[in-house]
Amino acid sequence: MKYVDEYRDAAQAERYVSALRRVTTRPWVIMEICGGQTHAIVRYGLDQMLPPGVELVHGPGCPVCVTPVELIDKALALAARPEVIFCSFGDMLRVPGSQGDLLSVKAAGGDVRIVYSPMDALELARRHPGRQVVFFAVGFETTAPANAMAVYQAAREDLDNFTLLVSHVLVPPAAEAILSASGCQVQGMLAAGHVCMVMGYEDYEHLAARYAVPIVVTGFEPLDILQGLYMCIRQLEQGQARVENQYVRTVRREGNPQARQIMQSVFQVVPRTWRGVGEIRRSGLNLRPEYEHFDANLRFSIQDITAAEDPTCISGLILQGLRKPPQCPAFGTRCTPEHPLGATMVSSEGACAAYFRYRGAAGTEKRA
Amino acid sequence: MTSNDQNPAACPLPLTEYPHVLMAHGGGGKLMSQLIERLFMPAFSNPLLAQQHDGAVFQVDGTRLAFTTDSYVVDPLFFPGGDIGTLAVNGTVNDLAMCGARPLYLSAGFIIEEGLEMATLQRVAGSMQMAARQAQVQLVTGDTKVVDRGKGDKLFINTAGIGRVEDDVQVGPEQIGSGDAILISGDVGRHGLTIMAQRESLAFETTIESDCASVAAPVLDLVRSGVTVHCLRDLTRGGLASALVELAVQSAKEMIVEECRIAVVDEVRGACEILGLDPLYVANEGCFVAFVPQSDVDLALSVLRHHPVSHAAERIGTVGSGERGRVILRSAIGGQRVVDRLSGEQLPRIC
């Protein structure tokens, strides 16, 4: 298939791996920020092809994983209401709140629907004027423009039965939180290509300079990731720390101005709590005051819910790259994709789920 | 004797932490296996059921018979490439074929929601008639029930089937041997993607058609041609990956599969890329895997390729010598990974 097969070519991959071996003279720790990259790395076994000493640690770039449990509980409460059609992207449905998940709410009679786009949720609102359609607006800068567009459209059409439960998060503040933490081991970063497609990469230039780490904007196919690693390690070996763009076929320095504009007109930057990590300032998006009547929190006046995480779950440390899934005592035993203790096990982009699926319950299955 | 034998309905294990049945309990993945193993198997335990085949094979007065049943609850009722009627006939015919049987007779039970258009029912009956004729089976007994509006979703169909198994045919996971070649009859994922594309909430434009068809003819030809068929399995819910993992576990054999040899048509690949799905887990309704000895590979492929429904038959892997029941996939890029069953249905990803 065009534009896919070229980036999964075995002979090319071998050439990139050789180039990586040539350029690498000592151990390096590199974080890939995005869960989509983590998934590709484990799925294709890329980490096993790297030169000895090059270690990949997995970043917080899975929106499903970092959505706080309190917000999931709010979603469960909303979805259980008889007047509500609760719409969500597919992989939020299995994420455990403190009591059950959206699939359980659906089984108990809640009207929970998987949509592929917020526009589909908007269409449901138009078609069911007697019901309240709530869309679970989860995601990074990648999903924010479409969600903003849905709200913008709903406002233009004066739809009074459409709201968002917003849990948007932003990548650069989280990357900064990781780089500025004491004990940070990360020496280089692969930035998430699709986030940069929307936002551009100017924000990362400040980070690279301030923390002296090379940051490479990287795509999601196996060859993208190998090339991104090559560019990152080449900088490290040469003592450089700047932003480079591997994903040139998609990303421009300024991003997508139209997408940024619609985001900025509908959303404002707010502090946001990340599951397992805690509150990070200026790391989330919420609706601007002029669009607040599309906020499900206000429409349904749901009370703030406080919930406790399972104390054994180390997903917070995993999301910050401080631990790997097999280092968790519950991994593959008490915690599996059927019975996840934390969200890194439940989302297909979560590091724990990726290890479990492609490496087995011990998480250590090397090349078989 | 265990306590289970004395009280077969007693469940020795905690059922699951779910107090309600979820969609995933019928999704062909781990939750469904758990439901069967923990709830149904203890209740109905017997040696034939314990084999967990697509159907049961037994002798009645010296004649070997295969017996199977399946229920069809597809939404929408009509989709490109077929409808609930063609599925209800072909699905059960294929389950019989996977036992190495010649399908003979089917039953059909209809559960109809009050208010269903008569023309719809007529169209479905017409499809069933045609599918039965093509598969050379007869619908010889049936049942009709109508339920109140809202108590069922338009139309559910159950079919059961009986087939005849020749004496020298021994097909099942226990027959799978080290060194066996793994053959597939066609490309994967077409039925599942067709249904997904039709569903209201995921509507996207596509020209994909379901591969819904009877595979009895190529299977019978395979058996008649002298190929020693060790095992057969049709790829339904859970797709190729789930079928192989199930067989690997049941046979306690390691299976090594080459990703680049598994055909996926461009429309299915494209849609899977967009939705974040793995085509190896997407359903088929007219595709199967066959395990045959190395020496029979060429003959088996030429027999299969002779039939339109399996003209793209291909060898995709080999049964290894390892005793661990697992499936290893060699990725196109050269890495390897363990293939696992999913918990339930695949869910489209966020980004």
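All chains are named by letter (A, B, ...) in the order of the sequence lines, taking the proteins before the strands, and each is independently numbered beginning at 1.
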If you count heavy-atom pairs under 4.5 Å with chain B, which of A:E14, A:Q12, A:R43, A:K106 comes out on top? A:R43

How are the rings of A:F356 and A:F331 set to each other: parallel, tilted or perpendicular (split at 30° and 60°)? perpendicular

Test item: A:C62 and A:T344 side chains (from C-beta on) under 4.5 Å apart, heavy atoms: no

Pick from B:R269, B:E259, B:H20 with the largest number of heavy-atom pairs that fall under 4.5 Å of chain A: B:R269

Would you mind telling me which of B:I256, B:V339, B:D266 has the largest number of heavy-atom pairs within less than 4.5 Å of chain A? B:D266

Are B:R330 and B:E258 ion-paired here, with the side-chain N under 4.0 Å from a carboxylate O? yes

Side-chain donor-acceptor pair under 3.5 Å between A:S104 and A:D101, yes or no? yes

